[in-house]
Amino acid sequence: MTDKKKVFLVEDDEIFAFLVETKLSQVDGVELATFGVGSEMLDRLGEAPDVVFLDYSLPVMDGLEVLRRTKEQSPTTRVVMLSGLEWDQVINECMAAGAEDFIQKDSKVAQKVHAKLLDMFPELN
């Protein structure tokens with residue numbers, strides 16, 4: 001097994017965060033850190049996460065701003081946006097700012113994040 005993949009989850013909704021944390025905790029080789037606000041994650045960006053799953057709608061600093069700052073500070077960090085909003089404008093803004101993908105938050109969000117993680121890092125399968 002290779003080194004653990006460092007995964008950051010930025011999600012202010014405790015239920016969605018719990019669902020994703022529970023699903024990702026089942027994957028061997030993942031070191032997960034969860035943050036309720038973007039500034040907390042940005043403060044730990046120096047830990048070089050392999051991927052950040054980032055909610056679009058966050059308090060204080062929205063996910064788009066967190067995405068922009070993440071890509072400025074750590075251009076190689078992979079970022080996947082999460083949102084209950086599926087407007088083309090939101091998706092296009094996120095992709096233009098450097099997001100790798102966009103996952104719709106619904107009752108299957110944990111399964112979608114899990115599948116995306118395994119797609120990004122096949123060695124975790």
Side-chain angles (χ1 to χ4, degrees):
M1 182 56 126
T2 59
D3 291 333
K4 289 191 172 210
K5 297 297 179 190
K6 188 172 294 247
V7 177
F8 283 0
L9 171 64
V10 186
E11 173 59 69
D12 65 315
D13 184 304
E14 292 180 7
I15 294 171
F16 279 118
F18 174 78
L19 293 172
V20 174
E21 287 172 338
T22 301
K23 188 68 176 174
L24 295 186
S25 70
Q26 300 168 4
V27 180
D28 287 333
V30 168
E31 181 182 330
L32 178 65
T34 303
F35 307 91
V37 294
S39 59
E40 291 176 354
M41 186 278 297
L42 290 171
D43 288 344
R44 290 188 44 196
L45 203 51
E47 295 177 25
D50 294 289
V51 62
V52 176
F53 289 96
L54 175 60
D55 186 19
Y56 179 81
S57 299
L58 292 169
V60 184
M61 182 188 315
D62 71 26
L64 187 59
E65 181 61 25
V66 175
L67 169 62
R68 288 181 178 133
R69 291 185 186 194
T70 299
K71 297 309 275 184
E72 285 172 8
Q73 295 176 33
S74 181
T76 60
T77 298
R78 299 168 80 174
V79 180
V80 176
M81 298 300 292
L82 309 172
S83 182
L85 306 171
E86 197 174 11
W87 302 330
D88 287 341
Q89 178 183 351
V90 170
I91 296 169
N92 292 338
E93 284 178 340
C94 292
M95 300 307 275
E100 181 168 318
D101 204 351
F102 188 94
I103 294 176
Q104 174 71 26
K105 280 175 32 179
D106 57 20
S107 63
K108 297 193 181 299
V109 68
Q111 292 87 342
K112 291 176 182 180
V113 169
H114 177 259
K116 181 63 183 175
L117 182 68
L118 296 181
D119 182 54
M120 295 170 84
F121 305 107
E123 64 272 20
L124 295 174
N125 282 310

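All heavy atoms count here, side chains included; hydrogens, waters and symmetry mates do not.
Placement of Leu19 and Val30 in two distinct hydrophobic clusters is found when ILVMFWY residues are connected by side-chain heavy-atom separations under 4.5 Å, directly or transitively. Taken together through direct or relayed side-chain contacts under 4.5 Å among Ile, Leu, Val, Met, Phe, Trp and Tyr, Val109 and Ile91 form parts of separate hydrophobic clusters. Leu64 and Trp87 end up in the same hydrophobic cluster when Ile, Leu, Val, Met, Phe, Trp and Tyr side chains are linked at under 4.5 Å. Grouping the Ile, Leu, Val, Met, Phe, Trp and Tyr side chains by contacts below 4.5 angstrom, directly or via other members, places Met120 with Leu24.
Among pairs with a residue in residues 22-57, those fulfilling ring pair (Phe, Tyr, Trp, His ring centres under 6.0 Å) read Phe8-Phe35, at least two apart in sequence or across chains. Applying the salt bridge (charged side-chain N to carboxylate O under 4.0 Å, His left out) test to pairs two or more places apart or on separate chains, those with a residue in residues 39-48 are Lys6-Glu47, Arg44-Glu47. Contacts classified as ring pair (Phe, Tyr, Trp, His ring centres under 6.0 Å) and involving residues 90-125 (residues at least two apart or in different chains) are not found.
The side-chain contact (heavy atoms from CB on, under 4.5 Å) search around Asp88 returns Asn92, not counting sequence neighbours. Here Asp50 pairs with nothing under the salt bridge (charged side-chain N to carboxylate O under 4.0 Å, His left out) rule; sequence neighbours left out. Listed by chain and number, the residues in a salt bridge (charged side-chain N to carboxylate O under 4.0 Å, His left out) with Asp12 amount to none (sequence neighbours excluded). When the side-chain contact (heavy atoms from CB on, under 4.5 Å) test is applied to Asp106, the partners found at least two apart in sequence or on another chain are Gln104, Lys108, Lys112. Shown here are the salt bridge (charged side-chain N to carboxylate O under 4.0 Å, His left out) partners of Glu65, two or more places apart in sequence or in another chain: Arg69. By the side-chain hydrogen bond (donor to acceptor under 3.5 Å, both in side chains) test, Ser74 is found to be paired with Thr77, residues two or more places apart in sequence or in another chain being considered. Considering only residues two or more places apart in sequence or on other chains, Arg68 meets the salt bridge (charged side-chain N to carboxylate O under 4.0 Å, His left out) condition with none of them.
Using a 4.5 Å heavy-atom threshold, the side chains of Met81 and Val90 count as separate. Contact of the Asp55 side chain with the Asp13 side chain is not registered, since no non-hydrogen atoms from C-beta on lie closer than 4.5 Å. Side-chain contact between Val80 and Leu117 is absent, with no heavy atoms from C-beta onward closer than 4.5 Å. Looking at Lys5 and Val51, their side chains never come closer than 4.5 Å, going by heavy atoms from C-beta outward. Two residues are said to be in side-chain contact when any heavy atoms from C-beta on lie closer than 4.5 Å; Lys23 and Val113 fail this criterion. Here the side chains of Glu11 and Val20 are not in contact, with every heavy-atom distance at 4.5 Å or above.
Scanning both residues, Leu85 and Ser57, for their nearest heavy atoms gives CD1-OG, 4.1 Å. The minimum heavy-atom distance between Val66 and Met61, with the atom names listed, is CG2-SD, 3.6 Å. Contact between Gly36 and Leu58 at its shortest, heavy atoms only, is O-CD2, 4.1 Å.
Other residues, nucleotides and ligands contribute at most 12 non-hydrogen atoms within 6.0 Å of the CD atom of Glu14.
A distance of 6.0 Å separates CG in Leu124 from CG in Leu118, rounded to the nearest 0.5 Å. Put simply, CG on Asp62 and CG on Leu54 are 9.0 Å apart, with the number rounded to the nearest 0.5 Å.
Taking Ile, Leu, Val, Met, Phe, Trp and Tyr as hydrophobic and joining them when side-chain heavy atoms fall under 4.5 Å apart, one finds Val37 isolated, its cluster having no other members.
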Hey, can you pull the donor-acceptor pairs under 3.5 Å for the side chains in residues 93-100, sequence neighbours left out?
{"residue": "Glu100", "atom": "OE1", "partner": "Arg78", "partner atom": "NE", "Å": "2.8"}
{"residue": "Glu100", "atom": "OE2", "partner": "Arg78", "partner atom": "NE", "Å": "3.4"}
{"residue": "Glu100", "atom": "OE2", "partner": "Arg78", "partner atom": "NH2", "Å": "2.8"}

